[in-house]
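As the structure lists them, so they are numbered: ligands from 1, and atoms in each ligand from 1. In this chain, numbering begins with 1 at the start of the sequence shown. Note that the structure is predicted; figures quoted are calculated from it, not measured.
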Amino acid sequence: MRSGWPPNLVIRGYGQYYDVLTPEGVLRCVVRGSLKRERRKTDLVAVGDRVEVRRVALGEGVIEAVAPRTRALSRRARGAEDAEQVIVANLDQLVAVFAVAQPEPSLPMLDRFLVIAEAQEIPAVVCVNKIDLDDGAKRRLFDPYRRAGYRVVETSALTGAGLEELWSCLAGKLSALAGPSGVGKSSLVKAFRPDLDIRIGELSEATGRGRHTTTVTSLIQLDEQTFIADTPGIGTLGLWGVESSELDRCFPEFRPYLGACYYADCRHLAEPGCAVRAAVESGAIDAGRYASYQGLLEQLMEEERAEGWRRSRR
Ligand code: GDP
Ligand code: ZN
């Protein structure tokens, strides 16, 4: 993936054991004791980490060092210490998968995923699957996302439409697929690796193999350099770590207006002279996206009140 990084990749974690993909195959590893003693505010080792390993026995190794992370998708509890739980390290992008129908797309859920990605500085792509079921109108629902600057890829795992474009988006990267159950995430992955017995996300939970949605993530290898993170529970991530005062920045199409409101700390609700609301009224900002902003903002402000959380003003 990146030059200068050790080639070994953590692809699964089970408690104190990690499966590490090395050029010689997968090693079941523990973490070197002296590493464990370093106090950190984040998980020491996580799926997606690049690591140095020492082989100690057939199929067994010790993680000696962890390369610095470019970024991580994580759970963060506001205000707490040692609060970051890394779900996937070094994630290149979040691919939000929705279907044009069966199930009907939930745009508020899509907006929530995109906010999580923006807040954690993870590039996001939208995949609109089951395009074969579209009468032409449903795909238009995703136009506001294109206008907001997101790449929107239309696919059909059934007919193969758009799979080349989706592949060009995934190739050479570590991507997490997020989306409701039934939209076709497993089918898309299977389309690229028909030989794998794949169950993604919610599906793997449904099989009752004792997985913990909060901790278990694994990487599915599509080719030498291309990985998909199977991250059950992205849907339950919540917006922890996002502060209400920062929510507006998580809507990329709002950003050109943010300096132009009359009040510097404008929340873009009922304040006079709000440039964001003016843009909504003129149609420059999509009304549905703005409604999602309002909904998420209310939720965050409610949580902040409940926690008695006080922040300094921007
Ligand atoms: P997941 O829960 O997101 O992993 O969804 P699955 O991959 O299990 O797919 C759910 C259902 O949708 C299955 O019955 C698939 O055969 C079907 N499906 C997946 N992709 C497509 C598609 O592009 N078009 C249509 N018509 N059906 C699809
Ligand atoms: Zn405003």
Measure from the side-chain N and O atoms of Glu271 to the backbone N and O of His268, and report whether any donor-acceptor pair falls under 3.5 Å. yes

Going by heavy-atom distance to atom 3 (O) of ligand 1, choose the closest among Lys190, Lys185, Glu154. Lys185

Rounded distance [0.5 Å steps], CG in Leu91 versus CZ in Phe227: 13.0 Å

Backbone or side-chain N or O of Ile131 under 3.5 Å from ligand 1 N or O: no

Could you tell me whether the side chain of Gln102 and the main chain of Leu133 form a donor-acceptor pair under 3.5 Å? no

Atom 20 (N) of ligand 1: which of Leu188, Thr159, Asn129, Val183 has the nearest heavy atom? Asn129

Cut-off 3.5 Å, side chains only: do Asp19 and Tyr14 have a donor facing an acceptor? yes

Check whether any side-chain N or O of Asp230 sits under 3.5 Å from a backbone N or O of Ile220 as a donor-acceptor pair, and report yes or no. no

Side-chain heavy atoms nearer than 4.5 Å, only ILVMFWY residues, links allowed to pass through others: does that put Leu222 and Leu163 together? yes

Neighbouring protein N, O or S atoms of the Zn ion (ligand 2) [cut-off: under 2.8 Å, no waters]: Cys261 SG, Cys266 SG, His268 ND1, Cys274 SG

Is any side-chain N of the basic residue among Glu121 and Arg69 closer than 4.0 Å to the acidic one's carboxylate O? no

From the options Val128, Leu188, Asp132, select the one residue that forms a side chain to side chain contact (heavy atoms under 4.5 Å, CB included) with Thr155. Leu188

Is there a polar contact, in the sense of an N or O pair closer than 3.5 Å, between Lys130 and ligand 1? yes

Take a 6.0 Å sphere around CD of Glu164 and say whether it holds more than 12 heavy atoms from other residues, nucleotides or ligands. no

Taking 4.0 Å as the limit for heavy-atom contacts, which would you say applies to Leu133 with ligand 1: side chain only, backbone only, both, or neither? side chain

Element-labelled atoms of ligand 1 that are located less than 4.0 Å from some non-hydrogen atom of Asp132: 22 (C), 23 (O), 24 (N), 25 (C), 26 (N)

Distance under 4.0 Å to a non-hydrogen atom of Ser181: what atoms of ligand 1 satisfy this? 2 (O)

